[in-house]
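In what follows, a structure is listed as structure tokens, so that the remarks can point back to it.
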Amino acid sequence: MSRFMVDTNVFNRLVKGVISECDLPSGRYLATHVQRDELGATPDGGLGSALIAKFENIVDNELATESFVLDLSRLDQAKLSHDGSQFDAMLARLVELDNARGKRPQRNNQVRDVLIAETSIKHGVTLLTCDKNLERVTTEFGGVAREP
């Protein structure tokens with residue numbers, strides 16, 4: 001059975017009706033604490049509750065992230081990477097691509113995106129994302145990524 005890491009933006013599109021669960025490929029759906037934390041931090045309480053409910057309905061299993069980032073990672077849900085070189089290289093590449101497209105997301109968003117992508121790569125699962133730059137970084141670093 002295929003396994004998929006679901007990026008946060010996919011949950012947003014599902015709840016807002018941009019895509020439906022029928023659009024998702026069949027398989028098992030995985031996430032990390034990063035997606036749950038991002039959804040839970042939604043300022044609109046009603047939307048945040050709907051996002052968390054969608055997360056809990058879809059995600060079969062939560063994985064620990066493969067790297068640990070101070071002030072962002074949960075101690076019990078993140079691993080200490082050996083040297084951080086892959087994480088650092090992926091982050092630098094995502095920043096480069098975002099800058100080239102004039103996209104200026106907050107650095108913490110890019111860090112969270114790379115935590116999700118790196119975890120999908122190391123677990124050999126396909127990343128489902130609506131972020132073209134994150135999709136590109138994931139594939140450049142040996143992973144598989146696609147839109148839902």
Side-chain angles (χ1 to χ4, degrees), residues 1-69 72-82 84-98 101 103 105-106 108-148:
M1 177 177 282
S2 298
R3 299 181 314 150
F4 302 92
M5 175 71 68
V6 184
D7 192 10
T8 309
N9 56 39
V10 174
F11 294 107
N12 283 303
R13 291 185 183 204
L14 285 166
V15 168
K16 292 177 179 178
V18 176
I19 60 174
S20 74
E21 288 186 42
C22 296
D23 296 322
L24 299 177
S26 62
R28 294 196 48 177
Y29 299 103
L30 310 170
T32 70
H33 75 88
V34 174
Q35 293 97 312
R36 181 185 288 276
D37 293 347
E38 287 181 314
L39 297 172
T42 302
D44 176 339
L47 177 59
S49 296
L51 289 165
I52 291 294
K54 184 63 70 176
F55 177 94
E56 291 174 348
N57 184 53
I58 291 177
V59 172
D60 297 305
N61 191 26
E62 284 186 57
L63 303 174
T65 59
E66 291 295 321
S67 291
F68 184 91
V69 176
L72 196 104
S73 296
R74 292 181 180 230
L75 187 58
D76 60 338
Q77 295 175 17
K79 299 176 184 176
L80 294 175
S81 59
H82 297 289
S85 61
Q86 180 176 12
F87 177 87
D88 291 340
M90 289 177 71
L91 180 58
R93 181 64 174 139
L94 182 58
V95 168
E96 175 187 8
L97 290 171
D98 284 348
R101 293 185 67 199
K103 186 177 172 186
Q106 292 181 343
N108 276 347
N109 289 344
Q110 293 166 319
V111 169
R112 287 189 288 266
D113 284 346
V114 171
L115 285 170
I116 294 166
E118 178 190 39
T119 302
S120 75
I121 292 169
K122 293 209 175 170
H123 283 270
V125 302
T126 300
L127 175 64
L128 294 179
T129 184
C130 301
D131 181 334
K132 287 293 187 191
N133 288 345
L134 186 60
E135 181 180 340
R136 183 170 174 184
V137 169
T138 302
T139 59
E140 286 178 5
F141 283 84
V144 177
R146 59 171 270 209
E147 286 190 43

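- Across Glu118, Arg3, Glu66, a single residue satisfies side-chain hydrogen bond (donor to acceptor under 3.5 Å, both in side chains) together with His123, and that is Glu66.
- Between Met5 and Leu63, the closest side-chain pair of non-hydrogen atoms falls below 4.5 Å.
- If you take CD1 on Ile52 and CZ on Phe11, they are separated by 9.0 Å, rounding to the nearest 0.5 Å.
- Qualifying ring-ring contact (aromatic ring centres under 6.0 Å, His included) partners for Phe141, counting only residues two or more places apart in sequence or in other chains: none.
- For the pair Leu24/Val10, a side-chain contact is recorded, criterion being any heavy-atom separation below 4.5 Å from C-beta on.
- The line from CG of Asn9 to CD1 of Ile19 is 8.5 Å long, rounded to the nearest 0.5 Å.
- Side chain of Thr65 to backbone of Ser67: a donor-acceptor contact under 3.5 angstrom is found.
- A salt bridge (Lys or Arg N to Asp or Glu O under 4.0 Å) check over residues 130-148, counting only residues at least two apart or in different chains, returns the pairs Arg93-Glu140, Lys103-Asp131, Lys132-Glu135, Lys132-Glu147, Arg136-Glu140.
- Using a 4.5 Å heavy-atom cutoff, the side chains of Phe55 and Val6 are not in contact.
- Legend: salt bridge (Lys or Arg N to Asp or Glu O under 4.0 Å) pairs involving residues 9-24, not counting sequence neighbours, sorted by first then second residue: Glu21-Lys54.
- Residues meeting the side chain to side chain contact (heavy atoms under 4.5 Å, CB included) test with Ala117, sequence neighbours left out: Met90, Leu127, Leu134, Thr138.
- By the side-chain hydrogen bond (donor to acceptor under 3.5 Å, both in side chains) test, Thr8 is found to be paired with Glu38, residues two or more places apart in sequence or in another chain being considered.
- A distance of 5.5 Å separates OG1 of Thr42 from CG of Leu47, quoted to the nearest 0.5 Å.
- Residues Ile58 and Leu14 are in side-chain contact: their nearest non-hydrogen atoms beyond the backbone lie under 4.5 Å apart.
- Taken from CG in Asp7 to CZ in Arg112, the straight-line distance is 11.0 Å, to the nearest 0.5 Å.
- Asn133 contributes atom CG, which lies 5.0 Å from atom CZ of Arg101 (distance to the nearest 0.5 angstrom).
- Between Leu115 and Thr32 there is no side-chain heavy-atom pair separated by less than 4.5 Å.
- Side-chain atoms of Gln86 and Ile121, non-hydrogen and from C-beta on, do get closer than 4.5 Å to each other.
- Residues forming a side-chain hydrogen bond (donor to acceptor under 3.5 Å, both in side chains) with Asn12 (at least two apart in sequence, or on another chain): none.
- Between Thr126 and Ser120 the shortest side-chain heavy-atom distance does not fall below 4.5 Å.
- Interatomic distance, Leu30 CG to Ile116 CD1, rounded to the nearest 0.5 Å: 12.0 Å.
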